[in-house]
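Report on the following structure.
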Amino acid sequence: MLTSSELIQMVQAYDPCANATLIRKAYIFAMEAHGMQKRASGSPYFYHPVKVASILANLHMDVTTVITGLLHDVLEDTNVSFEELEEIFGSEIAFLVEGVSKLSQIQYSSAQTKQAENYRKFLMAITHDIRVLIVKLADRLHNIRTLSYIKSVEKRRRIAIETLDLYAPLAERVGMNAIKDEISDIAFCALHPNEYRAISTRLEQIRTRDNNFIQNTILELQKVFNEQSIPAAVSGREKTPYSIWKKMQKRNVGLDQIYDIMAFRVIVKTIPQCYAALGVIHTNFRIMPGRFKDYISIPKLNNYKSIHTTVLGLFNQPLEVQIRTDEMHKMAEEGIAAHWSYKNGDIVSKEIDSQNYSWIKSIITILKNSSDSNEILNNSKLEMFDDEVFSFTSNGDLITLPKGATAVDFAYAIHTDLGNTCIGVKINNKLAPLKTILKNGDRVDILTSPYQHPEASWEDFVVTGKARSCIRRFIRSQEKGEFVALGLQLARYVFANANIEFNEDLILYKNFCCDSTNTFYHNLGKGHISLRRLQLSLPDSSNTSQLKDTAICLIDFAPGIAVHFSKCCRPILGDKIVGVLQKEKGLVIHQTTCGVINDQGEPFIKVKWNQDDNVETSIMARLQIVMTNHKDSFAVVTNVISSNGANISNLKIEHRSTEFFSLLIDITCTDIAHLGEIQAALRTCSKVKSVKRL
């Protein structure tokens, strides 16, 4: 075990003015606090915090962080209190230790809830001081190295899953790839031992078969750089079993179909030399199309910078070559830990560039918007995706998002208010649906309206945690009021159908286990209280079989919260409709001809579109139009729609051939009769082959 003097020497090697007295004090304090505690391996428990501190020292972290490594378990696993720690070592160290510690003293309803709450607390601490994450990653690294000593198979599995789900993505997000690779590989071995052995065996076979392949490739690369007078250091390495397995899963191929399992790094001095080295490689080796990425021009979210290219090397073996400067290489290995540097005993750079770690701002938004710890856990996981897509604002600003992100994700990435009010989008100067998935290089212009608000349906297609948490927050703010309003309308509906004048005093809410009439209305609107049960509770309910001509008005509700329009029959204004009350969802509207409603098992509720049938309003309808592929076909269709008094709100080419176009067009019209007129007008056009309402 590392002694206090040896640990001090490690720290003073990069920080000569490090406070040796404070390090020794923390070393002794932690040793005494842990006392005779043992780890699963049988070694003294204190061996663990010393190893964590040495990992942090190897990362050249500041003295405060190294001391936090020594003390990181005293609050969780000993009788030391936060106040005692703060009095002895100061508030900064006490905060960091408390941030790393789990909530072991609180009882939770389930292990999942406890994990989620611990994660929420951990994220809160990270947003205040990123060193909490660095200590936690060092802690996880040593724990996973000793995973085999844990006897419980289930516990080993839980730790491995948590490592791959949470800590490996977090390590990648802060660019600490050396730690990410190691903890991922060990966790992968614990979860999938057979796959791990198979890949490791394949790597061993390659080493045996191509004993000189790596060295010969390095010599070949070094030779072409020397010929062009480019000073470069070339090294080769195998990819890890876990990274190979991920490629197999992503490409849905077998192990024999993964060829690029070797990676070669070219380290140069300057950025111009990076591009010069790239030119030399592409001149001397045949490139593989579609396998080039320039992370120098557009860095990853974690500030990773490098050029990646894949070429065919010796024996036509695919070679992935990564080209970067010394500084980029240090960042690629150490990530955010590389920000801590020392000169004459002073920390000269520990400021974190918020632009390069903007995901932390997204985490803060998630913490503010999410209602419970499980929601925080799920939404923050969405921020940890590996694959990224790079899009641009109309001003040319770069926005980096996870692969699969939509225009709504883009809007929320810029600002919460922009996301909340987005009503349309132009992608590369063309109108597109909000749920359009963005591609690399897209230029995105978000259209807004002060009257717009997030729609519940957006949750179905957004992929970022920030977007989802913002949408959920808005829905929650509207949800209770919507369900209370729906419940009140349903109560009036029941009274009217019972031929009883509405009187709130007749609602004995306590008989329904409610503490107020508002709670009763809320539960009624959510379907937790049946309409029949309310009716039976009314006076003389047995004599109330005669129904009154009354209905619930839909215009009073925002679609998607307490009132939903069924996706099976997609009713629009003018259709004959009924409602069905569903638990948790509220009132679901169907066309009266819909076959699904007969299987619901719930009584139908009469609903109507407007308070007054004479009130003019607008509806949205989706048409599928097949037309001939002529240069003026689009113009003819759009002219027919506009000349008949309707607006096109969305248009998508569903299919295109040399002879025909198939379009999906969303149009705004006044009612079902107006829609019929437009369909009839379109069918008279010679360019149009068919028109169908979806």
Side-chain angles (χ1 to χ4, degrees), residues 1-11 23-24 26-59 61 65-80 97 100-105 111 114-115 118 122 132-168 170-171 176 178-197 200 240-242:
M1 183 171 67
L2 204 68
T3 66
S4 60
S5 297
E6 290 170 333
L7 179 61
I8 290 167
Q9 287 175 4
M10 285 181 67
V11 177
I23 296 174
R24 186 173 288 108
Y27 189 100
I28 296 169
F29 183 89
M31 181 189 291
E32 292 176 348
H34 288 292
M36 301 303 293
Q37 291 175 348
K38 300 283 187 182
R39 282 176 61 80
S41 62
S43 62
Y45 192 93
F46 182 58
Y47 176 80
H48 168 65
V50 171
K51 289 297 292 183
V52 172
S54 68
I55 291 170
L56 294 167
N58 281 324
L59 291 170
M61 294 304 298
T65 308
V66 174
I67 290 174
T68 300
L70 287 169
L71 301 171
H72 78 274
D73 274 338
V74 296
L75 292 181
E76 185 179 339
D77 295 326
T78 76
N79 294 323
V80 175
V97 173
V100 178
S101 302
K102 293 180 181 176
L103 300 168
S104 56
Q105 307 301 318
K114 183 176 181 179
Q115 183 202 36
N118 277 319
F122 174 47
V132 170
L133 174 56
I134 298 175
V135 175
K136 193 66 178 178
L137 291 175
D139 172 44
R140 179 52 54 127
L141 176 59
H142 183 250
N143 278 331
I144 203 81
R145 283 173 175 172
T146 57
L147 184 65
S148 59
Y149 290 108
I150 296 175
K151 293 180 181 178
S152 169
V153 175
E154 184 55 38
K155 186 174 181 181
R156 289 201 304 269
R157 180 174 175 79
R158 177 182 59 78
I159 292 172
I161 290 173
E162 185 181 61
T163 299
L164 289 179
D165 279 357
L166 299 179
Y167 293 105
L170 281 168
M176 300 177 74
I179 289 180
K180 182 212 75 173
D181 287 344
E182 186 174 350
I183 64 177
S184 297
D185 236 31
I186 297 172
F188 170 57
C189 180
L191 289 172
H192 305 283
N194 294 333
E195 290 86 342
Y196 181 87
R197 280 194 295 270
S200 298
T240 65
Y242 178 64

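Legend: residues meeting side chain to side chain contact (heavy atoms under 4.5 Å, CB included) with A26, ordered by chain and number and at least two apart, are I67, L70, L71, F89. Remark: S200 pairs with no residue by the side chain to side chain donor-acceptor pair (under 3.5 Å) rule, at least two apart or across chains.
Not a single donor-acceptor pair under 3.5 Å links the side chain of R156 to the backbone N or O of L147. With hydrogens and angles disregarded, a donor-acceptor distance shorter than 3.5 Å links the side chain of D185 to the backbone of Y242. In this structure, the side chain of S184 engages the main chain of K180 through a donor-acceptor pair within 3.5 Å.
The shortest distance between side-chain heavy atoms of Y149 and R39 does not fall below 4.5 Å. Proximity of L2 to M10: side-chain heavy atoms (C-beta onward) are separated by under 4.5 Å at one or more points. Between M176 and L133, the closest side-chain pair of non-hydrogen atoms is not below 4.5 Å. No side-chain heavy atom of I23 sits less than 4.5 Å from a side-chain heavy atom of S4. Side-chain contact between Q37 and P44: absent, with no pair of heavy atoms (C-beta onward) separated by less than 4.5 Å. Using a 4.5 Å cut-off on side-chain heavy atoms (C-beta onward), V80 and F29 make contact. Annotation: side chain of Y27 is not in contact with side chain of I8 (no heavy-atom distance under 4.5 Å).
Between the side chains of S43 and S41, at least one donor N or O sits under 3.5 Å from an acceptor N or O. A donor-acceptor pair shorter than 3.5 Å cannot be found between the side chains of N143 and R140.
Around atom CG of N194, more than 12 heavy atoms belonging to other residues, nucleotides or ligands sit under 6.0 Å away.
Between Y196 and H192, the distance separating the two ring centers is not shorter than 6.0 angstrom.
Summarising the geometry, atom CG belonging to L137 is positioned 12.0 Å from atom CD belonging to E182; distances are rounded to the nearest 0.5 Å. How far CZ of R158 is from OG of S152: 8.5 Å, rounded to the nearest 0.5 Å. Between the OG1 atom in T68 and the CG atom in D139 there is a gap of 12.0 Å [rounded to 0.5 Å]. Residue I55 holds its CD1 atom at 13.0 Å from CD1 of I134, rounded to the nearest 0.5 Å. Atoms NZ and CE, on K51 and M1 in that order, are 11.0 Å from each other to the nearest 0.5 Å. Annotation: the span from I159 atom CD1 to E154 atom CD amounts to 10.5 Å, rounded to 0.5 Å.
Taking every heavy atom of both residues into account, S101 and L75 meet most closely at OG-CB, 3.7 Å. When all heavy atoms of T65 and L56 are compared, the closest pair comes out as O-CD1, 3.4 Å. Nearest heavy atom pair, residue A33 against residue V74, reads CB-CG1, 4.1 Å.
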(request) Could you please spell out the steps behind the side chain to side chain contact (heavy atoms under 4.5 Å, CB included) verdict for T3 and E6? (result) CA-CA 5 Å; T3 66; E6 290 170 333; 3.2 Å; yes
(message) Applying side-chain hydrogen bond (donor to acceptor under 3.5 Å, both in side chains) to Y45 and D73, what does each step give before you reach the verdict?
(response) CA-CA 10 Å; Y45 192 93; D73 274 338; 2.5 Å; yes
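Exactly one of I183, L191, I186 qualifies for a side chain to side chain contact (heavy atoms under 4.5 Å, CB included) with T163. That residue is I183. With respect to H72, the ring-ring contact (aromatic ring centres under 6.0 Å, His included) criterion is satisfied by exactly one of H142, H34, H48: H48.
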